[in-house]
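To start, the structure under review is shown below, and the notes come after it.
Protein chains get the first letters and strands the later ones, always in sequence-line order, with residue 1 at the start of each.
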Protein chains: 2
Amino acid sequence: MQSFTEENYLKIIYHLSQNNDEAVQTNAIAERMQTKAASVSDMIKKLAEKQLINYKKYQGVKLTITGKLAAINIIRKHRLWEVFLVEKLNFKWDEVHDIAEDLEHIRSADLIERLDEFLSFPKSDPHGDPIPDKEGNFDSIPFRKLNKLKIGDEGLIMGVSEHSPPFLRHLEKLGLTLGRKVRITEIIDFDGSVELTVDQKKIIVSREVAKHILIRH
Amino acid sequence: MQSFTEENYLKIIYHLSQNNDEAVQTNAIAERMQTKAASVSDMIKKLAEKQLINYKKYQGVKLTITGKLAAINIIRKHRLWEVFLVEKLNFKWDEVHDIAEDLEHIRSADLIERLDEFLSFPKSDPHGDPIPDKEGNFDSIPFRKLNKLKIGDEGLIMGVSEHSPPFLRHLEKLGLTLGRKVRITEIIDFDGSVELTVDQKKIIVSREVAKHILIRH
DNA sequence: TGATTTTTTTAGATTTGTCTAAACATTTAG
DNA sequence: CTAAATGTTTAGACAAATCTAAAAAAATCA
């Protein structure tokens with residue numbers, strides 16, 4: 001089994017290789033881990049020795065199958081705990097990330113399976129991110145980013161790709177919460193801001209905000 | 001804030017000073033921590049520097065007020081998580097200790113207060129141990145150990161002073177669970193075994209087992 | 001292409017918690 | 001009350017995860 005730190009590296013490498021599909025760079029990991037490239041180099045060697053990543057000097061890293069499964073398992077735990085915190089303990093969606101960051105490292109497979117059952121096998125977390133099953137399979141639902149829609153398009157808010165508390169509180173304030181139906185009424189040429197209706201109300205979000213809102217038809 | 005290791009030391013020092021009231025010995029801590037006396041000496045210095053314990057060389061240690069509150073807080077978390085695991089996730093009372101041992105180190109005061117509320121402010125954990133409130137106050141209920149009772153005495157099982165899974169499974173098998181009413185029917189001279197009735201049934205427990213069963217009238 | 005910049009790795013040090021072996025203090029027993 | 005036994009501390013080392021500074025490789029660009 002891995003240490004908390006190793007688990008965090010695996011999780012971050014997994015997230016970084018999601019967008020990209022190429023090998024993940026040392027510096028990218030360092031930035032996300034809030035540490036220095038030198039420390040990342042050291043840890044990379046360790047993970048490579050444990051066969052959790054493939055690594056050739058100066059070439060960046062890729063998760064092995066084992067490493068990927070380990071990463072997905074941590075993400076599964078993180079997201080299940082987030083559901084617990086919101087659904088059972090009444091936390092807000094912007095308050096749960098840091099606590100789940102700690103809870104995700106609790107090592108008991110039995111605990112997680114029972115928690116999953118207690119929560120009635122949720123398919124997604126409070127931010128709309130899919131929860132993998134215990135074999136590591138995700139339900140992948142296709143989505144489009146709000147900034148890619150055209151005037152007149154409509155759909156449901158199914159997730160967000162940014163989890164910072166200020167961003168989430170901003171959405172909350174605007175009534176842009178999961179499951180809400182939105183329709184694009186205008187796109188401002190000048191800066192790409194998007195005007196839309198939610199719940200009978202007209203609101204405007206910047207392009208930057210729109211980029212992080214995921215929409216399904 | 002303390003590290004996990006420091007928290008474990010505090011908790012163990014607290015438990016060891018419960019029976020005893022005297023200063024806690026280095027060797028006693030080493031045994032409970034599954035480590036060596038030399039390591040304990042090192043850690044003791046660190047905790048003393050942080051004003052969590054009072055320590056004079058070769059004289060053993062005592063928790064300061066701060067140290068005691070820190071220890072009680074960890075115990076509060078441990079016991080609340082145990083209640084969660086048994087009440088909500090349907091674990092058995094002999095399965096929860098190790099998992100709670102990890103969960104007790106999760107650092108979020110808010111989390112614990114909400115968990116407490118979610119569990120309806122339980123007063124004791126699945127082994128009958130009292131749960132301190134957030135100020136560190138215990139409800140102390142007087143009890144007697146089963147091996148101290150006399151023939152004809154009766155009372156309710158209100159707790160156990162031994163938490164090992166084999167012991168707990170033994171009690172479970174005999175039907176000796178929390179809240180059960182028992183009456184002493186005989187005490188065997190030879191070895192101090194106790195014969196008692198629970199639920200209309202006559203059963204026998206050794207003196208060693210009886211010592212760890214706590215009875216209230 | 002060759003020089004400069006960026007990225008990555010290595011070398012050596014630091015901190016935390018542990019260890020063994022040896023020294024030192026305290027307690028117990030003859 | 002000394003001597004042996006027990007308990008505790010110190011000294012020096014180690015592994016994990018980090019750091020800074022410097023070297024090395026790769027990428028960029030003029």
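Partners of B/Y55 according to the ring-ring contact (aromatic ring centres under 6.0 Å, His included) rule, which considers only residues two or more places apart in sequence or in another chain, do not exist here. Under the side chain to side chain donor-acceptor pair (under 3.5 Å) criterion, A/E186 pairs with no residue, sequence neighbours left out. Remark: B/D129 engages no residue in a salt bridge (charged side-chain N to carboxylate O under 4.0 Å, His left out) (not counting sequence neighbours). Residues forming a side chain to side chain donor-acceptor pair (under 3.5 Å) with B/E104 (at least two apart in sequence, or on another chain): B/K11, B/H78.
For A/Q59 and D/dA24, the CD to C1' distance is 14 Å, given to the nearest whole Å. In this structure, the NZ atom of A/K45 is 10 Å from the C1' atom of C/dT8, given to the nearest Å. Protein atom CD of B/E7 is 16 Å distant from nucleotide atom P of C/dT16, rounded to whole Å. Nucleotide C/dT16 holds its C1' atom 17 Å from the CD1 atom of B/I44, rounded to whole Å. When the P atom of D/dA15 is taken as reference, atom NZ of A/K50 falls 14 Å away, rounded to whole Å.
Residues from residues 23-32 of chain A placing a heavy atom under 4.0 Å of any atom in DNA chain C, listed by number, are A/Q25, A/T26, A/N27.
Counting any heavy atom pair closer than 4.0 Å across all strands shown, B/K56 reaches no nucleic acid atom.
Around atom CZ of B/F143, no more than 12 heavy atoms belonging to other residues, nucleotides or ligands sit under 6.0 Å away.
The aromatic rings of B/H127 and B/W93 sit parallel, their planes meeting at an angle under 30°, below the 60° perpendicular limit.
Contact annotation: B/K57 side-chain N/O to D/dT10 OP1/OP2 distance is under 4.0 Å. Note on A/Y55: every side-chain N or O is 4.0 Å or more away from OP1 and OP2 of C/dT8.
Here side-chain hydrogen bond (donor to acceptor under 3.5 Å, both in side chains) pairs that include residues 135-144 of chain A, with residues two or more places apart or in two chains, are A/D133-A/N137, A/R144-A/H217. Pairs engaging residues 205-214 of chain A under the salt bridge (charged side-chain N to carboxylate O under 4.0 Å, His left out) rule: A/E208-A/K211 [sequence neighbours left out]. The side-chain hydrogen bond (donor to acceptor under 3.5 Å, both in side chains) contacts involving residues 60-72 of chain B comprise nothing, where partners must be two or more places apart or lie in separate chains.
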_Generate the contact string for nucleotides 18-23 of chain C. Rules: B means base contact, S means sugar-phosphate contact only, - means no protein heavy atom under 4.0 Å._
BBBB--
